[in-house]
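Only heavy atoms go into these numbers, but all of them, side chains included; no hydrogens, no water, no symmetry mates. The sequence lines fix the lettering, A, B, ..., with proteins before strands; numbering per chain opens at 1.
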Protein chains: 2
Amino acid sequence: MNIGTAARASGIPAKTIRYYEEIGLIQPAERSDGNYRVYGEHEVQTLRFIRRARSLGFSVDEVAELLDLWRDRSRSSRRVKALANRHLEDIDGKIAALKTMRDTLNELIERCHGDARPDCPILADLAGQGDVADMEVEKSD
Amino acid sequence: MNIGTAARASGIPAKTIRYYEEIGLIQPAERSDGNYRVYGEHEVQTLRFIRRARSLGFSVDEVAELLDLWRDRSRSSRRVKALANRHLEDIDGKIAALKTMRDTLNELIERCHGDARPDCPILADLAGQGDVADMEVEKSD
DNA sequence: TATAAGGATTCCAGTGACTGGAAGGTCAAG
DNA sequence: CTTGACCTTCCAGTCACTGGAATCCTTATA
């Protein structure tokens with residue numbers, strides 16, 4: 001099958017498949033007489049693996065590692081789990097950061113009248129009611 | 001004060017301040033005789049505003065809008081609140097997406113022995129136990 | 001058989017928000 | 001007068017694609 005069909009079968013855009021080939025995430029595809037990339041079921045499975053891993057937030061580098069592990073029949077599940085755990089912590093960190101943002105922002109929003117008047121706790125906070133602590137300005141001029 | 005001092009005073013790296021100037025987020029700074037950028041308290045306050053807004057996850061474009069609003073004495077808090085609310089929804093969307101990832105990944109991790117053996121539910125899921133539904137493969141060759 | 005449509009190919013550029021580094025200019029202290 | 005800290009500009013790289021232009025291949029139809 002051609003790249004378009006493989007794209008539809010895997011859920012990865014053709015452009016992205018070419019990109020994955022270019023960066024070495026996947027092997028260069030075989031070519032037809034007319035220089036078209038040719039894919040088989042095996043390649044599509046790999047592509048789906050990649051798509052699923054990406055959808056779980058793994059970086060392309062991590063996906064490369066996962067692919068290696070997947071293909072390595074003598075792998076230990078320990079290594080896979082470690083990789084996944086590292087990523088999980090990553091996600092947890094991001095969630096925590098977003099939650100902090102969210103809560104701060106939400107509090108500000110709740111305190112804002114949201115009417116025609118200009119005075120606004122959101123802007124007030126951004127302008128300095130916030131964390132302007134521990135900042136020592138040395139005057140050099 | 002010079003850019004390094006303004007950087008320390010605002011918490012924004014000198015490089016980033018130059019970048020903000022380049023993209024037009026802030027006005028080009030005055031220059032000294034030796035062509036050094038010169039900043040005053042006013043500029044530092046703007047920089048701090050930007051830093052705080054960025055730390056709440058606003059994009060640079062949104063920060064530009066917030067700066068406009070901040071400077072506009074005839075603004076309505078309604079507009080600020082609307083902008084903040086849009087961003088809040090954005091954050092909520094991201095949190096939700098990350099949580100979904102997190103839960104899926106966590107479940108997979110919990111089912112993984114994490115020992116010397118190769119069999120691993122994480123890889124099994126990536127390889128296709130997952131959402132391979134609604135995918136119609138038309139055979140064109 | 002000509003041609004048109006719908007793929008495919010390569011290559012270049014842009015996204016967002018910086019960050020690193022090279023090559024060189026400026027300034028204050030010793 | 002030199003040293004070292006700081007500043008300048010400019011170019012490149014990050015991450016993971018995505019858009020678009022110009023051109024080529026394949027297949028179906030008039």
> Going through the distances and angles, do B:Lys99 and B:Ile95 end up as a side chain to side chain contact (heavy atoms under 4.5 Å, CB included)?
Replying inline: CA-CA 6 Å; B:Lys99 272 191 179 159; B:Ile95 291 174; 4.1 Å; yes

In whole angstrom, what separates [X]'s [atom1] from [N]'s [atom2]?
{"X": "B:Glu21", "N": "D:dC10", "atom1": "CD", "atom2": "C1'", "value": "15 Å"}
{"X": "A:Arg51", "N": "D:dA16", "atom1": "CZ", "atom2": "P", "value": "18 Å"}
{"X": "B:Ile23", "N": "C:dG14", "atom1": "CD1", "atom2": "P", "value": "16 Å"}
{"X": "B:Glu22", "N": "D:dT9", "atom1": "CD", "atom2": "C1'", "value": "10 Å"}
{"X": "B:Asn2", "N": "C:dA28", "atom1": "CG", "atom2": "P", "value": "9 Å"}
{"X": "A:Asp33", "N": "D:dT26", "atom1": "CG", "atom2": "P", "value": "7 Å"}
{"X": "A:Arg31", "N": "C:dA8", "atom1": "CZ", "atom2": "P", "value": "12 Å"}
{"X": "A:Asn35", "N": "D:dC24", "atom1": "CG", "atom2": "P", "value": "12 Å"}

Among [options], the nucleotide that comes nearest once only the side chain of [X] is considered:
{"X": "B:Tyr19", "options": "C:dC18, D:dC17, C:dT10", "answer": "C:dC18"}
{"X": "B:Arg18", "options": "D:dC7, C:dA8, D:dT18", "answer": "D:dC7"}
{"X": "B:Val60", "options": "D:dT9, D:dT18, C:dC18", "answer": "C:dC18"}
{"X": "B:Lys15", "options": "C:dT10, D:dC10, D:dT8", "answer": "D:dC10"}
{"X": "B:Tyr36", "options": "D:dC17, D:dC6, D:dT9", "answer": "D:dC6"}

> So, does A:Asn2 use its side chain to make a donor-acceptor pair with the main chain of A:Gly4 at under 3.5 Å?
Replying inline: no

>> Can a donor-acceptor pair be found, under 3.5 Å and without considering hydrogens, that links the side chain of B:Arg75 to the backbone of A:Pro118?
In response: yes

> How is B:Ile3 classified with respect to the nucleic acid when contacts are heavy atoms under 4.0 Å: base, sugar-phosphate, or nothing?
Replying inline: sugar-phosphate

On the nucleotide [N], are OP1 or OP2 found under 4.0 Å from the side-chain N or O atoms that [X] carries?
{"X": "A:Tyr20", "N": "D:dC17", "result": "yes"}
{"X": "B:Arg37", "N": "C:dT26", "result": "no"}
{"X": "A:Thr16", "N": "D:dT18", "result": "yes"}

>> Judged by each residue's nearest nucleotide on DNA chain C, which is more toward the 5′ side, B:Phe58 or B:Ser32?
In response: B:Phe58

> Can A:Asp119 and B:Ser77 be counted as having a side-chain donor-acceptor contact under 3.5 angstrom?
Replying inline: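 Not at all, the side chains of A:Asp119 and B:Ser77 share no donor-acceptor pair under 3.5 Å.
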
>> Between A:Arg37 and A:Glu21, does the salt bridge (charged side-chain N to carboxylate O under 4.0 Å, His left out) criterion hold? Intermediate values first, please.
In response: CA-CA 11 Å; A:Arg37 285 174 182 82; A:Glu21 185 183 301; 3.0 Å; yes

